[in-house]
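One-based numbering, in listed order, for ligands and for the atoms of each. Remember, it's a predicted structure, so these values are computed and weren't measured experimentally. Counting from 1, the numbers follow the sequence of the chain as shown.
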Amino acid sequence: MASAACKPEQARVPPAVPLPTPPLTKFKVGLCQLAVTADKERNIAHARKAIEEAAQKGAQLVLLPEIWNGPYSNSSFPVFAEDIDAGGELSPSTAMLSEVSRRLKITIVGGSISERSGDHLYNTCCVFNTEGKLIAKHRKIHLFDIDIPGKITFQESKTLTPGETPTIVDTEVGRVGIGICYDMRFQELAMLYAARASLSSLRGAHLLCYPGAFNMTTGPLHWELLQRSRATDNQLYVATCSPARDAEAGYVAWGHSTLVGPFGEVLATTEHEEAIIISEIDYSLVEMRRTYLPLQKQRRGDLYQLVDVQRLNSQ
Ligand SMILES: O=C(O)CCC(=O)C(=O)O
């Protein structure tokens, strides 16, 4: 009797919804500073090998460089561009990232590749979770248009269209804000990503990832300075990943992929050759820095406000 009465009752119980797995608070990150050639297939195979090596060394988050599947140039962007997820099917470069993230159960912030969408080209970073799912696509918001006479002239806007959306993404390794290279120069974007962190440790990004390729003019002066500034101002981790330097290339990258901690300290870095950097991120240090130096509480919101942060905070 008892079991007969029990059965219809049990049948009404809805299937258990698995609780979301809390993000890791301490993990290893791998920054793959890759040599990039004009052979896309080789670049994809090479990136796969580097990701595998980083994962084998314990990385649970792997970051790749800006434009890693072909040369960084306005003439190459259209040639190497991929329609990333047309009709639900991933393109060659992103299918590799999906396969490897699923197989190795790691999160990948996939640097950037040039993306074709309709008549437009974008400089786009794809993020994959540990199941190989494409969970975010950041299109570079601030295009690199620069003219320093006698030093460097580059106009990304000749071929690329700027993205229109800041990208903050929840991953198995926490909430991550994404920017691409020149995006790092704009503090407001980083501040927006860090917003709300003071209200709860579950809100706001604790890590910003910037695939980037600074050059021989701005790299020596600004690359590390900007990363340390973004980290210090917002009291969070900043990870960057550059292509390795090719002195013969049309655009010569500075290299020096780096991880900076929430006190503005350089935790790991490298020179300009190919390298895989493995370093540790510990989000408890973000909380510690914010407790010791409570900038978020001391900010005079009554005198100045970043409008978008204000909007986010009131949601
Ligand atoms: O900001 C810089 O100096 C370099 C930026 C850059 O190379 C890029 O956005 O691709």
> So, for Tyr283 and His206, is the gap between ring centers shorter than 6.0 Å?
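Centroid distance Tyr283-His206: below 6.0 Å, so yes.
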> Any Lys/Arg nitrogen of Asp145 or Lys158 sitting under 4.0 Å from an Asp/Glu carboxylate oxygen of the other?
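Lys158 and Asp145: not salt-bridged.
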> Kindly determine whether Phe214 and Trp223 satisfy ring pair (Phe, Tyr, Trp, His ring centres under 6.0 Å), including the steps that lead there.
CA-CA 7 Å; Phe214 271 40; Trp223 173 250; 5.1 Å; yes
> Are there any N/O pairs under 3.5 Å between ligand 1 and the protein, and if so, what are their distances?
from, atom 1, to, atom 2, distance (Å)
ligand 1, 1 (O), Arg185, NE, 2.6
ligand 1, 1 (O), Arg185, NH2, 3.3
ligand 1, 3 (O), Arg185, NH2, 2.8
ligand 1, 3 (O), Thr218, OG1, 2.7
ligand 1, 7 (O), Ala213, O, 2.8
ligand 1, 7 (O), Tyr251, OH, 2.8
ligand 1, 9 (O), Lys140, NZ, 2.6
ligand 1, 9 (O), Tyr182, N, 3.0
ligand 1, 10 (O), Glu66, OE1, 3.2
ligand 1, 10 (O), Glu66, OE2, 3.3
ligand 1, 10 (O), Tyr72, OH, 3.1
ligand 1, 10 (O), Lys140, NZ, 3.0

> Distance check, rounded to the nearest 0.5 Å: Leu31 atom CG versus His256 atom NE2?
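One finds 13.5 Å between CG of Leu31 and NE2 of His256.
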> Rounded to the nearest 0.5 Å, what separates atom CG in Asp170 from atom CZ in Arg175?
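With rounding to 0.5 Å, CG (Asp170) is 4.0 Å from CZ (Arg175).
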> Are the aromatic rings of Tyr292 and Phe263 close, with centres under 6.0 Å apart?
no
